[in-house]
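Throughout, protein chains are lettered first and strands after them, A, B, ... in sequence-line order, and every chain is numbered starting at 1.
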Amino acid sequence: MSRYSAAEIEPKWQKAWDEAQVFRAERSKDKPKYYVLEMFPYPSGRIHIGHVRNYTMGDVIARYKIATGHNVLHPMGFDAFGMPAENAAMASGGHPKDWTYNNIDTMVGQMKPLGFGLDWSRMFATCDPEYYGQQQALFLDFLEKGLVYRKNAVVNWDPVDMTVLANEQVIDGKGWRSGAEVERRELTQWFFRISDYSEELLDALDSLDNWPAKVKLMQANWIGKSRGLQFSFGLVDGPEGHDRVEVYTTRPDTLMGASFIGISPDHPLAKLLERENPEVAEFCKMARQGGTTEEALEKAEKLGFDTGLKCRHPFDTAWELPVYIANFILMDYGTGAIFGVPAHDQRDFDFATKYGLPVISTFVPASGDHTLPEDGGAAFVPPKTETVRWTKPFNWDEMATGEQAINAAIEFCEKNGVGQGVTKFRLRDWGLSRQRYWGCPIPVVHCDACGVVPEKKENLPIELPYDEGGKPIDFSIPGNPLDRHPTWRDAPCPACGKPARRETDTMDTFVDSSWYFARFTAPHADTPTDMAEAEYWMNVDQYIGGIEHAILHLLYSRFFARAMHICGHLPEKSKEPFDALFTQGMVTHEMYAGAVTTKEAGTRYDKDEGEVIAAGRETRSKYYYPEEVVRFEFNGKPKALIAKAVEKAFPEGKPDNATLNEFWETERRKKRKVGEEDISLDVFPSAKMSKSKNNVVDPVQIIDQYGADTARWFVLSDSPPERDVEWTAAGAEAAAKHLARVHRIVSDIATGQDGPQAGDEQLLREMHKTIQDVTNGVDSFGFNAAIAKLYAFTNTLAKSKAGTEAKKQAARALAQLMAPMTPHLAEECWQMLGGEGLIAQAPWPVADEHMLVDDTVTLPIQINGKRRAEIEVPKDMDKAEVEKIALAQDAVIRVLDGAQPKKVIVVPGRIVNVVI
RNA sequence: GCCCAAGUGGCGGAAUGGUAGACGCAGGGGAUUCAAAAUCCCCCGGUAGCAAUACCGUGCGAGUUCGAGUCUCGCCUUGGGCACCA
């Protein structure tokens with residue numbers, strides 16, 4: 001008997017798979033193809049447990065599909081452009097390219113030992129010039145087809161660092177490095193015309209039968225189709241060229257409740273007033289402060305500026321409404337102008353209250369008490385489907401739903417020439433320009449004579465410069481190094497040949513990830529795709545990734561697939577590139593944060609508390625990795641300390657929690673110098689593992705200690721894959737023990753003598769049930785439930801007194817069912833049991849239907865829905881007979897106490913319910 | 001603020017509208033051992049009870065149903081997304 005040693009068997013079988021080229025994907029007519037893809041990783045430096053979970057799920061599917069006779073494509077690559085590489089260069093010198101490729105090497109080195117069935121020959125990184133050159137070719141094709149254009153759009157501008165900030169670099173409206181108030185500033189940028197496809201992207205969601213409903217719902221809400229009315233308010237004595245204000249509203253039915261007109265600070269009228277009136281200019285400047293995110297705009301205090309201008313109400317020209325410039329109105333959506341109805345919109349209500357504007361109700365609840373908003377009640381905002389009583393309708397019944405009223409209002413307004421019914425979408429065009437170095441350069445040239453000229457395809461790829469005039473690029477200077485590069489910008493105009501300037505914006509990294517799945521079908525083709533390969537391998541049969549990508553990445557990819565089809569790079573069938581989608585939950589972990597002093601504390605004396613040193617102290621937060629901290633609980637509260645400091649203070653070993661707590665309290669009160677870290681840390685609840693929060697768990701330790709199969713088994717067991725999982729280290733050992741047990745049991749069976757041969761049939765029945773359950777589990781992503789069945793079957797097998805042949809048969813089935821999850825151990829077991837060839841290439845076991853049905857069933861007997869007894873009856877016994885037996889049960893007789901039951905419900909094979 | 005989810009023992013979780021808690025972890029007891037590791041066996045939601053058993057129990061409050069963890073409505077809490085994190 002041999003002992004289970006992952007360290008010995010895992011490399012051995014990985015080599016065997018390599019030699020047999022089990023995972024090499026080649027086109028073939030003999031088998032149906034199957035393309036399984038997991039969202040590729042960002043090369044952050046180390047793989048984390050979330051990656052292991054993601055790729056193990058994909059690998060289970062891939063191996064299972066190979067076993068069921070499919071020709072499988074299962075590739076891997078890296079989403080390698082992005083800000084962390086530049087941030088690393090900024091923080092510690094070095095070059096984003098070196099940082100990225102080093103990280104990729106490390107991560108591949110960490111992934112290979114996990115034994116994933118990947119076709120590594122297809123690997124690429126999006127920062128490979130070979131890849132991004134083809135992306136530039138795609139861009140040029142899109143440009144030719146009118147799918148890309150330039151327009152102005154706002155960015156977060158840091159006025160101190162003189163640079164554009166990403167949303168995550170704006171913290172509480174301030175720049176992350178400079179601390180300066182961020183401004184919204186307009187720049188000319190490149191856009192994809194995704195909004196032209198709003199209707200189609202929305203409608204096509206219905207065809208995605210194997211996508212989670214919640215993802216489709218989120219996308220539908222994001223696209224946001226709405227029907228409303230576009231019309232204008234006449235402006236009383238407006239400035240030159242402005243005789244009216246065009247508005248769009250989804251609630252034209254509330255027009256009689258309008259009390260003001262609001263325009264965006266970026267509205268042409270506001271801009272005109274801004275030039276003439278310093279007060280307006282000051283307000284607009286203030287309104288443009290803060291980040292550009294929808295969240296920031298929604299949460300910001302609602303402020304307005306009364307322009308003094310008045311608009312006429314379309315239905316009553318004597319009725320004049322004031323025109324406000326308001327900071328919560330977006331120029332991008334609708335017409336950049338709205339009319340406010342305080343009675344039926346909370347935001348408008350708050351605004352009206354603040355500026356003393358009238359509140360006019362147009363409808364009230366259908367019944368019941370109601371305090372009108374104008375009489376001190378709250379804004380009344382029922383769902384559009386609710387029937388309400390109209391007090392100011394214009395051509396519909398007094399009792400009607402919002403929906404009915406909206407339609408009637410649009411019809412009425414159209415008939416009376418007041419406006420037009422318009423369908424609008426919330427989806428905006430996709431801005432792809434980034435004022436950054438580490439991304440795919442946009443392949444156009446700006447020529448004084450010819451304007452914006454596309455680069456010639458034969459000049460692609462336009463590569464990123466590595467140096468700056470022989471010197472390494474200095475990333476510590478804020479701003480875009482491409483913009484200030486001495487020579488890279490110089491390029492002859494592709495049209496006239498005169499000296500011109502390259503575009504220095506690079507592409508959003510979402511572009512990189514919007515077509516990589518197509519590139520995997522022909523990763524080294526000298527066009528973006530090879531149609532023969534794309535025709536064969538597309539679509540992705542099963543796509544697996546995090547729920548956090550439910551909207552943007554998936555929507556952008558759907559758009560790209562359409563655009564690529566238009567340009568002849570993908571077949572018609574690939575307009576929806578992902579046939580089935582599975583969104584796995586995230587791996588979360590609690591976070592440990594401490595303070596680093598940025599301004600030293602003063603000292604203040606308090607007569608009760610004595611010396612208080614925190615006064616005047618300023619800090620920034622620093623997050624620590626789980627392995628850097630000592631975590632403990634005191635009085636039920638989690639606390640943490642920096643591990644190194646604990647080791648130093650208690651060299652003899654980790655003390656008890658009370659001592660740690662005392663240490664924590666003492667350290668917390670210490671005065672710190674600038675730059676010094678606090679030793680006592682706070683523990684924050686679990687959140688998505690992210691690089692910036694340092695709460696990533698490194699699986700390498702687990703692999704080193706227990707082996708890949710344990711890590712794989714562990715991430716699949718316990719939690720359902722679609723749910724978030726809180727990572728805890730306990731349990732890895734249990735998984736390892738179980739695998740060792742399987743090895744031991746199989747080894748005993750393989751070498752054992754014939755036993756008593758009792759219960760062969762029972763064991764084989766269990767085997768067939770397990771085959772059935774595990775197969776269903778794998779098919780439906782119920783990996784945790786499948787694993788529970790495998791645990792149960794292992795117990796059955798261990799206890800079975802069956803003969804050696806039956807046991808060997810059962811053990812072979814166990815190995816095969818485990819093979820997608822723990823492939824190395826399965827191969828080893830397969831070999832011990834005398835299985836033919838590699839288990840990785842053996843056909844999947846099939847359950848025998850006849851072995852799945854039992855002759856008798858156990859039926860619970862309920863009385864009024866409460867279980868009181870149970871009976872064992874033949875499975876096809878008729879209802880009357882079952883009822884008779886049920887009513888004869890002691891418990892039933894006792895509760896009935898001579899009375900007749902009102903009703904007896906018999907669900908064959910399920911349950912009996914006696915109603916009394 | 002808006003959109004989308006999730007909430008079940010000490011913990012991770014199982015359960016086509018049909019016996020709530022499968023399977024695993026932690027814990028307790030025992031066997032084996034000079035001892036330990038490893039392994040094997042048993043117990044394990046709460047309250048009451050020697051026990052049989054009874055009552056309560058799937059975030060909270062209603063509802064539909066013979067029957068609700070599962071369906072509907074309202075709330076609470078947590079997580080994700082909100083267009084320049086990827």
For side-chain hydrogen bond (donor to acceptor under 3.5 Å, both in side chains), just list the numbers for A:Thr292 and A:Asn156, CA-CA rounded to whole Å, side-chain angles, deciding distance to a tenth of an Å, and then say yes or no.
CA-CA 6 Å; A:Thr292 55; A:Asn156 299 304; 3.2 Å; yes
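- Atom CD of A:Glu548 is separated from atom P of B:A5 by 17 Å (rounded to the nearest Å).
- Aromatic ring centres of A:Tyr791 and A:Phe793 lie farther apart than the 6.0 Å criterion allows.
- A:Lys214 comes within contact range of the sugar-phosphate backbone alone, with a heavy-atom separation under 4.0 Å but no base atom that close.
- Comparing the same atom, P, in B:C34 and in B:G24 gives a spacing of 31 Å after rounding to whole Å.
- The residue A:Trp430 sits apart from the nucleic acid: no heavy atom pair falls under 4.0 Å.
- Within 4.0 Å of A:Lys799, counting heavy atoms only, lie sugar-phosphate atoms of the nucleic acid but no base atom.
- For B:G81, the base is anti relative to its sugar; the glycosidic angle deviates from 0 by more than 90°.
- Nearest nucleotide to the side chain of A:Ala792, out of B:C23, B:G24, B:G1: B:C23.
- Ranking B:A83, B:C56, B:C84 by closeness to the A:Asn156 side chain, first place goes to B:C84.
- Across all strands, A:Ile861 comes closer than 4.0 Å to no nucleic acid atom at all (heavy-atom distances).
- Computed from coordinates, the A:Tyr791 OH to B:G13 P distance equals 15 Å when rounded to whole Å.
- Using C1' as the reference atom, B:A26 and B:G12 are 11 Å apart when rounded to the nearest Å.
- Across the protein-nucleic acid pair, A:Arg723 atom CZ and B:G13 atom C1' stand 7 Å apart, rounded to whole Å.
- Checking B:G80, B:U19, B:A86 against the side-chain heavy atoms of A:Pro860 singles out B:U19 as nearest.
- Side chain A:Arg868 to base B:U53: no donor-acceptor pair is found below 3.5 Å.
- Taking a pair as Watson-Crick or G-U wobble with both distances under 3.5 Å, the runs of three or more consecutive pairs in RNA chain B are B:1-7 with B:76-82, B:10-12 with B:23-25, B:27-31 with B:39-43, B:45-48 with B:53-56, B:59-63 with B:71-75.
- Separation of the A:Phe714 and A:Tyr706 ring centroids does not fall under the 6.0 Å cut-off.
- In this structure, the side chains of A:Glu503 and A:Trp190 come closer than 4.5 Å at one or more pairs of heavy atoms.
- To the nearest whole angstrom, the two P atoms, one in B:C23 and one in B:C43, are 11 Å apart.
- If you take atom C1' in B:G45 and the same atom in B:G27, they sit 14 Å apart, rounded to whole Å.
- At the heavy-atom level, A:Ala550 lies nowhere under 4.0 Å from the strands shown.
- In this structure, the side chains of A:Trp222 and A:Leu217 stay at 4.5 Å or more apart for every pair of heavy atoms.
- If you take NZ of A:Lys789 and C1' of B:G24, they are 14 Å apart, rounded to a whole angstrom.
- Counting distance only, with no hydrogens placed and no angle test, the side-chain atoms of A:Gln169 and the base atoms of B:C85 include no donor-acceptor pair under 3.5 Å.
- Between A:Asn167 and the phosphate of B:C82, there is no side-chain N or O to OP1/OP2 separation shorter than 4.0 Å.
- Spacing between atom CD1 of A:Ile911 and atom P of B:U16 amounts to 14 Å, rounded to whole angstrom units.
- Residues A:Phe40 and A:Tyr516 bring their aromatic ring centres within 6.0 Å.
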Between A:Phe81 and A:Tyr132, does a ring pair (Phe, Tyr, Trp, His ring centres under 6.0 Å) hold up when you go through it step by step?
CA-CA 10 Å; A:Phe81 276 133; A:Tyr132 73 72; 5.5 Å; yes
Sugar-phosphate means primed atoms, P, OP1 and OP2; the rest is base. With that split, encode nucleotides 66-76 of chain B 5' to 3' as B, S or - using protein heavy atoms under 4.0 Å.
BS---------
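- Taking the C1' atom of each, B:U78 and B:U33 are spaced 49 Å apart, rounded to whole Å.
- Taking the C1' atoms as reference points, B:G10 lies 13 Å from B:G46, given to the whole Å.
- A:Thr188 and A:Asn152 share a donor-acceptor pair across their side chains, judged by distance under 3.5 Å alone.
- With hydrogens and angles left out, the side chain of A:Glu294 and the base of B:C82 share no donor-acceptor pair within 3.5 Å.
- For A:Arg867, counting side-chain heavy atoms from C-beta on, the closest listed nucleotide (B:U19, B:C25, B:A83) is B:U19.
- Among the heavy atoms of the strands lying under 4.0 Å from A:Val164 is at least one base atom, whether or not backbone atoms are also near.
- The aromatic ring centres of A:Trp430 and A:Phe191 sit 6.0 Å or more apart.
- Rounded to whole Å, atom P of B:C85 lies 12 Å from atom NE2 of A:His549.
- Between A:His738 and A:Trp713, the two ring planes are parallel [angle under 30°; tilted spans 30° to 60°].
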Working for side-chain contact (heavy atoms from CB on, under 4.5 Å), residues A:Arg184 and A:Leu297
CA-CA 11 Å; A:Arg184 293 199 285 273; A:Leu297 297 172; 3.3 Å; yes
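- Nucleotides B:U65 and B:U70 are separated by 16 Å at their P atoms, to the nearest Å.
- Rounded to whole Å, the C1' atom of B:A22 lies 14 Å from the corresponding atom of B:G9.
- Contacts of A:Gly585 with the nucleic acid, taken as non-hydrogen atoms under 4.0 Å apart, are absent.
- Following rounding to the nearest Å, A:Leu552 (CG) and B:C4 (C1') show an atom-to-atom distance of 14 Å.
- For A:Phe192 and A:Tyr556, the gap between ring centers reaches or exceeds 6.0 Å.
- If you check every strand for non-hydrogen atoms under 4.0 Å, A:Ser433 touches a base.
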